Structures are given as C-alpha cells and as structure tokens.
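Please read the structure below before turning to the comments.
Position 1 is the first residue of the sequence, and the numbers go up from there. What's counted below: heavy atoms across the whole structure, side chains too, no hydrogens, waters or symmetry copies. A quick note: this is a predicted structure, and the numbers were derived from the prediction, not measured. Every number for a ligand or one of its atoms is a count from 1 in the order of the listing.
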Amino acid sequence: MADRVRIYEVGPRDGLQNESTAISLETKLGFVERLVAAGLREIEATSFVSPKAIPQLADADALLPLLPAAPGVIYPVLVPNERGMARAEAAGAKALAVFTAATDAFTQRNIGMTVDESLAAFEPVLQRAADLGWWRRGYVSTAFGCPYTGAVDPHRAVGVATRLLELGVDEVCFGDTIGVGVPAQVGAVTEAATGAGIELRQIAYHFHDTRGTALANVVAGLEAGVRTFDSSTGGTGGCPYAPGAAGNLATEDLVYLLDASGYEHGVDLERVLDAARFITAALGRPLSTKVGQAGGWDASTGEPIGR
Ligand code: HMG
Ligand code: MG
C-alpha cells in the first residue's frame with residue numbers, strides 16, 4: 001500500500017472560511033456533491049467555531065446534516081472547544097479536527113488561547129469524541145513559520161504534535177499556514193517527528209501555496225514516506241488570523257502530480273476540475289490554478305484533458 005496516497009480535501013472549510021463573498025448553503029452543498037463525485041473521501045466540511053470569528057461558516061449547524069451520505073466518505077469538522085463539540089454532535093458529525101499551532105502568538109490570535117491552554121481545552125473534546133468513536137485529527141499550524149514570530153524549530157512543532165497524539169488524535173497535520181516552507185524543512189519536520197516516535201501513517205501535511213512551494217513540499221513529503229496531503233479544489237483558502245496566507249495547494253494540481261507519478265488515490269481529475277470551476281464561478285473568479293488552466297495531460301494522445 002506504499003503507493004496509495006490519501007487526499008484530504010479542505011476546500012469547503014479552509015477554502016471558503018476567508019471568502020468575503022456570501023456563499024449560499026446550496027452552493028456549499030453543490031460543491032461537496034461534486035467533490036464526492038470526484039472520488040474524494042475525506043472532506044473537511046465546515047467549522048463549529050464562533051460565527052463572529054468566521055462568519056462564512058456560521059451555517060455549519062444547517063449544512064452538516066444535509067451533506068450527502070456516501071459509502072466511505074467522512075466529513076471532519078473543526079472544533080475549538082466544548083461549545084463547538086456540542087454543536088458538532090447535535091449536527092451529526094462523526095469526525096473532527098482540533099487546531100492549535102507551534103507558536104503561542106498565532107494560537108492566541110486564532111483561538112484566543114496559548115498552545116498550552118488550547119491543549120487543555122481540547123482534552124475533554126477529544127475524550128468525548130473518543131467515547132463516541134469519532135475519527136480525530138490535530139492540526140499544528142505555523143509548523144514552518146509564524147506570521148508573528150518568524151522561524152519555527154521543527155522540534156517545537158513536533159513537541160505539540162506529540163502532545164496532541166497523547167490526547168488521542170488519530171493523526172497530526174503539520175500546517176504551513178502562511179506558505180513559507182521549502183522541501184528541506186519538510187524533510188526536517190518528518191525526521192524530527194519520526195525521531196520522536198510518531199509513525200509516518202500518523203502524519204499529514206497541509207501546505208498553503210502562497211509562494212509556489214506547495215507541490216515541491218508534497219514531493220519532499222512523499223520522499224520522506226508521508227502519504228497524506230491536504231488540498232483545496234480550486235486552490236482557494238487562507239486564514240483570517242494569518243496575514244498573507246493565500247490559497248491552499250489546489251487538489252487538481254496535486255491529483256495531476258500523483259497521477260503522473262504513479263500513485264493511487266481514487267480521485268478523478270476531470271471531476272475535480274468540474275468542482276473547481278463550480279466553486280470559482282460561485283465566487284465570481286476565473287479558475288486560476290495551474291492544472292485548472294492547462295488541464296491534465298493524456299500521455300497516450302498528447303492532448304490536454306478536462307480543460
Ligand atoms: P473567544 O472570544 O476567545 O472566546 O473565542 P469566548 O469563549 O469568550 O467566546 C466568545 C464568543 O463566542 C461568545 O459569544 C461565545 O459564546 C462564542 P458572545 O458571548 O460574544 O455572544 N463561542 C462560540 N460560538 C459558537 N461556537 C463555538 C463557540 N465558542 C465560543 N464553538 C474561539 C474563542 C475559539 C471561539 C474563537 O477564537 C474562534 O472561534 N476561533 C476560530 C478561528 C478559526 O476558525 N480560524 C481558522 C481555522 S484555523 C486555520 O485555518 C489553520 C488550518 O487551516 C491549518 C493551517 O493552515 O496551518 C487548520
Ligand atoms: Mg490552512
């Protein structure tokens with residue numbers, strides 16, 4: 001199974017959370033339906049956070065119960081505290097992600113807590129989720145650099161990841177929140193993580209493509225043995241508390257790279273492009289990702305596909 005890659009789609013959550021255009025419930029549903037049709041199986045759907053912090057996802061309670069139930073598909077949701085957990089539970093969630101960071105400065109601005117305080121807040125949330133049998137992820141944002149304090153030592157990020165695993169998460173996801181990371185850092189974070197006893201199958205990477213390094217970072221992750229990567233169909237995304245954070249790595253760019261490199265992942269590029277065009281049209285923008293513009297490439301004919 002070494003050649004199988006998990007693509008964890010964050011378009012409906014990270015992709016939309018920072019958009020100023022109002023996006024209707026119908027549009028969000030139409031987006032998720034297309035992502036499911038494309039073969040995506042882990043789709044981070046929304047966040048049960050303060051509607052004042054993230055107004056765009058204030059409809060989480062209404063959205064989650066409407067999402068299409070499809071075999072093997074899970075819809076993790078972001079949960080920052082017990083209040084969010086109660087809402088997620090009432091809405092029928094079955095998988096969650098808690099989110100902290102490598103640096104206090106970012107965590108304080110993002111969720112109003114230090115890293116230590118956030119871990120204390122997550123403890124009852126993760127306990128409850130474990131009791132309910134939910135899948136659980138823990139994010140470590142600013143693992144490659146912080147917009148408020150600069151460079152981050154990989155061991156610092158890994159220390160937070162270890163504490164999340166001790167709290168029972170199934171997987172830790174290291175976030176390059178502001179897209180400053182380069183491949184050598186991915187190697188260093190992976191090495192620090194495995195050196196600390198974290199298994200490769202417990203590691204995911206979440207690259208923002210702010211400076212065009214996201215795909216190169218994926219290759220570094222693959223070479224280091226990591227097999228789970230986040231991406232956002234249409235390349236949307238950014239966090240309002242991370243100045244300068246531009247879009248996530250685009251799912252279509254990731255799928256092209258994985259297909260052409262011989263990895264299995266179960267996601268259909270043409271259908272991803274359909275979902276990408278759908279959501280960027282709803283946002284009133286052209287699809288500007290690389291593969292969104294060029295299409296894929298059929299090696300048997302030399303023709304572009306899905307353009
Ligand atoms: P706070 O203001 O510090 O805390 O917010 P509070 O407990 O005093 O609550 C303030 C108000 O929010 C109160 O309402 C609470 O009831 C309410 P008021 O009395 O003012 O009317 N509240 C809630 N409402 C709904 N759901 C809840 C909830 N909790 C409190 N769960 C808080 C603390 C964590 C709530 C806030 O800071 C927050 O919601 N932050 C979310 C920030 C966020 O979602 N950021 C983006 C996601 S992280 C990211 O994008 C990075 C990632 O992609 C990885 C990467 O790129 O690195 C994951
Ligand atoms: Mg992000």
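Of all N, O or S atoms in H208, the one lying closest to the Mg ion (ligand 2) is NE2.
Here's the thing with Y241: none of its N/O atoms is less than 3.5 angstrom from an N/O atom of ligand 1. Of the N or O atoms in S47, none lie within a sub-3.5 Å distance of an N or O in ligand 1. Remark: ligand 1 and F106 share no N or O pair separated by less than 3.5 Å (distance only, no angle test). An N or O contact shorter than 3.5 Å links R83 to ligand 1 by distance. Any N or O atom pair closer than 3.5 Å counts here, and T142 shares no such pair with ligand 1. Looking at G84 next to ligand 1, an N or O pair under 3.5 Å apart turns up.
Between H206 and F174, the ring center distance fails the sub-6.0 Å criterion.
Here is the list of ligand 1 atoms found below 4.0 Å of a heavy atom in F48: 26 (N), 27 (C), 31 (N). In the vicinity of P80, heavy-atom distances shorter than 4.0 Å reach the ligand 1 atoms 31 (N), 34 (C). Interface atoms of ligand 1 facing K52, defined by a heavy-atom separation under 4.0 Å, are 18 (P), 20 (O), 21 (O). Within ligand 1, counting atoms from 1 as listed, the ones closer than 4.0 Å to a heavy atom of C239 are 46 (C), 50 (O). Near D14, meaning under 4.0 Å from one of its heavy atoms, ligand 1 places the atoms 53 (O). If you number the atoms of ligand 1 from 1 as listed, the ones under 4.0 Å from a heavy atom of H208 come out as 56 (O). The ligand atoms of ligand 1 that sit less than 4.0 angstrom from a heavy atom of L78 are 47 (C). Residue contact check: G175 has heavy atoms under 4.0 Å from atoms 57 (O) of ligand 1.
Under 4.0 Å from ligand 1, the heavy atoms of R13 that appear belong solely to its side chain. Residue S141 touches ligand 1 through backbone and side chain together, judged by heavy-atom distances below 4.0 Å.
Of the protein's non-hydrogen atoms, the one nearest atom 47 (C) of ligand 1 is Q17 OE1, 3.5 Å. Remark: minimum distance from atom 38 (C) of ligand 1 to any protein heavy atom is reached at A53 CB, 3.6 Å. The closest protein non-hydrogen atom to atom 11 (C) of ligand 1 is S50 OG, 4.6 Å. Remark: minimum distance from atom 30 (C) of ligand 1 to any protein heavy atom is reached at N81 ND2, 3.7 Å.
Comparing V98, V49, N110, V140 against atom 45 (N) of ligand 1, the shortest heavy-atom distance belongs to N110. Among Q56, Q108, R87, M85, the residue whose heavy atom lies closest to atom 26 (N) of ligand 1 is R87.
Using a 4.0 Å cut-off between charged side-chain N and carboxylate O, R87 and D61 make a salt bridge. Taking 4.0 Å as the cut-off between side-chain N and carboxylate O, R307 and E270 do not count as a salt-bridged pair. D170 and R137 are not joined by a salt bridge, as no carboxylate oxygen comes within less than 4.0 angstrom of a charged side-chain nitrogen. Between R163 and E123 no salt bridge is recorded (no basic side-chain N to carboxylate O distance below 4.0 Å). Contact check on R128 versus E89 returns a salt bridge, with a Lys/Arg side-chain nitrogen under 4.0 Å from an Asp/Glu carboxylate oxygen.
Within a 4.0 Å radius of atom 13 (C) of ligand 1, the protein contributes no non-hydrogen atoms. Protein heavy atoms all stay at least 4.0 Å away from atom 19 (O) of ligand 1. Distances from atom 56 (O) of ligand 1 to the protein include at least one heavy-atom value under 4.0 Å. Distance remark: protein heavy atom present below 4.0 angstrom from atom 24 (N) of ligand 1. Distance remark: protein heavy atom not present below 4.0 angstrom from atom 5 (O) of ligand 1.
Separating the OG atom in S261 from the OH atom in Y256 is a distance of 8.5 Å, to the nearest 0.5 Å.
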Salt bridge (charged side-chain N to carboxylate O under 4.0 Å, His left out) between R271 and E252, intermediate numbers included: CA-CA 9 Å; R271 286 175 182 252; E252 52 272 32; over 6 Å; no

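Between the Mg ion (ligand 2) and D14 there is an N/O/S contact shorter than 2.8 Å. Among the atoms of H206, an N, O or S atom falls under 2.8 Å of the Mg ion (ligand 2).
Classified by interplanar angle (parallel below 30°, tilted 30° to 60°, perpendicular above 60°), the ring pair Y205/F229 is parallel.
Between the side chains of T251 and E9, at least one donor N or O sits under 3.5 Å from an acceptor N or O. In this model, a donor atom of one side chain and an acceptor atom of the other lie less than 3.5 Å apart for D298 and S300.
Taking a 4.0 Å cut-off on heavy atoms, C173 fails to register as neighbouring ligand 1.
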